[in-house]
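Structure first, then comments.
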There are 2 protein chains.
Amino acid sequence: MTSYDRGMTSNRPYHHGDLRRALLATTAEAIREAGPAALSLRDLARRAGVSHAAPAHHFGDKAGLLTAFAVEGYDLLAEELGRAGDDLLEIGVAYVRFAVEHRAHFEVMFRPDLYRPDDPALVAARARSGATLHGGVAAHPAASAPDRDALAAWSIVHGFATLWLAGALPPGVGGDPEATARQVIRRLFE
Amino acid sequence: MTSYDRGMTSNRPYHHGDLRRALLATTAEAIREAGPAALSLRDLARRAGVSHAAPAHHFGDKAGLLTAFAVEGYDLLAEELGRAGDDLLEIGVAYVRFAVEHRAHFEVMFRPDLYRPDDPALVAARARSGATLHGGVAAHPAASAPDRDALAAWSIVHGFATLWLAGALPPGVGGDPEATARQVIRRLFE
DNA sequence: TGGTGGTCTTGTCAATGACAAGTTACGATC
DNA sequence: GATCGTAACTTGTCATTGACAAGACCACCA
């Protein structure tokens with residue numbers, strides 16, 4: 001029970017302290033529970049224990065909040081991809097793992113109608129994670145046509161992750177997305 | 001200019017005649033303009049020239065409308081995939097073409113949080129298009145591991161289509177999604 | 001100590017989804 | 001071709017939401 005969980009008549013301080021960060025965390029939680037379509041600024045405010053207009057102060061409007069959320073997602077993705085090293089297979093697996101573990105971020109990132117895709121911070125963050133992915137492809141020994149290979153690799157991991165998150169895969173596909181993804185990606189290298 | 005384009009004080013008949021179909025068509029139009037997030041039942045009603053509560057009569061609620069819209073999408077997809085014949089490459093191209101030409105349907109179909117994925121009509125329609133896709137993979141000569149190959153093929157075309165629709169691909173990727181998709185899919189068969 | 005600006009609140013408005021209750025007209029049956 | 005059942009559509013209403021305006025609070029620094 002943190003300070004911003006208290007009711008409004010309590011001794012909760014007027015200033016939250018770190019409302020912006022708290023709202024982004026709560027956004028992930030709310031989206032995980034009911035999808036991005038059901039996200040409500042007022043619900044976020046209630047969860048954070050602040051007034052209904054507090055979120056707008058930090059993000060302007062709903063699109064502003066989701067823009068910041070997408071930036072956070074692209075930064076996280078770049079970090080995870082970088083951690084995967086130079087092996088293209090492992091980078092692909094890391095991409096799928098990111099989608100599964102940070103599904104809320106992933107679901108917003110590729111829905112540009114929900115935020116402002118032209119926002120400078122967003123463009124920069126997207127470029128960073130794009131460079132990381134493309135770098136992994138270029139380092140791959142079998143890269144005869146880097147551009148096309150990068151697109152094929154990105155497509156297959158993105159498609160798998162998307163279908164997994166949408167629950168569109170048949171029940172036969174087992175419970176471990178990473179292991180299944182590894183099988184599928186390997187198909188590209190045979 | 002059909003009868004339901006007239007204002008409410010005109011001689012527009014009380015009964016629309018084919019409101020259900022008209023609403024589904026208008027749904028595609030509205031989603032193409034502003035994405036599924038901005039879809040409004042009342043806006044659909046205004047476009048169709050009926051009262052704000054008319055859509056609910058045919059579809060129950062917003063999720064009901066989108067369920068019917070997704071069913072329509074899966075039926076269309078099965079039809080287009082069937083038309084592509086037995087060649088796996090052409091089936092994949094047809095999948096991408098469907099996503100681009102019917103982007104509104106495609107964007108709803110893979111967003112189960114927007115509708116009722118358990119609806120019997122939807123389950124049936126999804127099974128139909130799934131069978132068509134899987135059948136194409138089984139007919140492919142190089143299918144050594146049909147399940148994994150089907151998943152890889154579905155992933156790569158779905159991923160490409162999704163990235164294309166999201167505008168996530170770098171500007172270098174040209175203006176013709178079908179031709180680009182063909183290159184990418186071929187990568188699976190080399 | 002006094003101000004200055006960022007943080008947050010209260011109040012309000014138009015728009016929306018959902019629901020209830022009433023009205024209109026189609027079509028089957030006699 | 002009159003009657004009646006029922007489907008199609010309307011009007012009215014309510015709680016919720018996003019956005020905005022105006023003001024209250026408070027940390028920080030001169």
Side-chain angles (χ1 to χ4, degrees), chain A residues 2-24 26-27 30-31 33-69 108 111 113-116, chain B residues 2-24 26-27 30-31 33-69 108 111 113-116:
Chain A
T2 52
S3 67
Y4 45 84
D5 285 322
R6 295 172 198 153
M8 305 197 50
T9 56
S10 74
N11 56 351
R12 173 176 57 85
Y14 192 94
H15 284 89
H16 177 284
D18 203 359
L19 181 57
R20 189 189 149 92
R21 177 175 301 274
L23 286 172
L24 287 173
T26 306
T27 297
I31 291 179
E33 290 173 15
L39 187 70
S40 148
L41 291 180
R42 291 171 103 108
D43 178 54
L44 295 183
R46 278 189 295 267
R47 295 189 193 214
V50 293
S51 83
H52 63 84
H57 174 71
H58 289 277
F59 301 104
D61 56 7
K62 198 174 182 178
L65 167 74
L66 289 174
T67 302
F69 191 68
V108 171
R111 254 176 205 70
D113 59 310
L114 293 181
Y115 57 88
R116 278 185 273 274
Chain B
T2 51
S3 66
Y4 47 85
D5 284 320
R6 295 171 197 154
M8 306 198 46
T9 56
S10 75
N11 56 351
R12 172 177 58 85
Y14 192 93
H15 284 89
H16 178 285
D18 203 0
L19 182 56
R20 190 189 148 91
R21 177 176 301 274
L23 285 173
L24 287 173
T26 307
T27 297
I31 291 179
E33 290 173 15
L39 187 70
S40 147
L41 291 180
R42 291 171 104 108
D43 178 53
L44 295 183
R46 277 189 294 268
R47 295 188 194 214
V50 293
S51 82
H52 63 83
H57 174 72
H58 288 278
F59 300 105
D61 57 7
K62 198 174 182 177
L65 168 74
L66 290 175
T67 301
F69 192 68
V108 171
R111 226 155 265 178
D113 58 309
L114 294 181
Y115 56 88
R116 279 185 275 274

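Chain letters run A, B, ... following the sequence lines, proteins first and then strands; every chain starts at 1. Computation of the quantities below employed the complete heavy-atom set of this structure, encompassing side-chain atoms and omitting hydrogens, waters and symmetry-equivalent molecules.
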Q | A/Ser40 side chain near D/dT16 phosphate (N/O to OP1/OP2, under 4.0 Å) | A | no

Q. Going from NZ on A/Lys62 to OG1 on A/Thr27, what distance comes out if it is rounded to the nearest 0.5 angstrom?
A. 10.5 Å

**Q.** Among C/dG17, D/dG12, C/dT9, the nucleotide that comes nearest once only the side chain of B/His52 is considered
**A.** D/dG12

Q. Rounded to whole angstroms, how far apart are NZ on B/Lys62 and P on C/dA15?
A. 16 Å

Q | Separation of atom CG in A/Leu66 from atom P in D/dG18, rounded to whole Å | A | 10 Å

Q: Would you kindly give the CZ-to-P distance between A/Phe59 and D/dC20, to the nearest whole Å?
A: 16 Å

Q: Determine the contact category for A/Leu39: base if any of its heavy atoms lies under 4.0 Å from a base atom, sugar-phosphate if only primed atoms, P, OP1 or OP2 are that close, otherwise nothing.
A: sugar-phosphate

Q. Considering only heavy atoms from C-beta outward, does the side chain of A/Asp61 approach that of A/Arg116 to under 4.5 Å?
A. yes

Q | Spacing between B/Leu23 atom CG and D/dA8 atom C1', to the nearest angstrom | A | 12 Å

Q: Could you tell me whether A/Ala56 contacts a base, only the sugar-phosphate backbone, or nothing, with contacts defined as non-hydrogen atoms closer than 4.0 Å?
A: nothing

Q: For residues B/Phe69 and B/Leu24, report the shortest heavy-atom separation together with the two atoms involved.
A: CE1-O, 3.6 Å

Q | Distance test, side-chain N/O of A/Arg42 to OP1/OP2 of D/dA15, below 4.0 Å | A | no

Q.
From the set C/dT9, C/dG17, C/dC8, return the single nucleotide nearest to any side-chain atom of A/Ala53.
A. C/dT9

Q | Any B/Arg20 side-chain N or O less than 4.0 Å from OP1/OP2 of D/dC9 | A | no

**Q.** OP1 or OP2 of D/dC9 under 4.0 Å from side-chain N/O of B/His58
**A.** yes

Q) For the side chain of A/Val50, counting heavy atoms from C-beta on, which of C/dA18, C/dT10, C/dT9 is nearest? A) C/dT9

Q.
Does D/dA8 have its OP1 or OP2 closer than 4.0 Å to a side-chain nitrogen or oxygen of B/His57?
A. yes

Q. Roughly how far, to the nearest 0.5 Å, is CG of B/Asp43 from NE2 of B/His52?
A. 14.0 Å

Q) Within this structure, what is the CG-to-P distance between A/Asp61 and D/dT17, rounded to whole angstrom? A) 17 Å

Q: Over all heavy atoms of both residues, which pair between A/Ser51 and A/Ala45 is shortest? Give the atoms and the distance, please.
A: O-CB, 3.3 Å

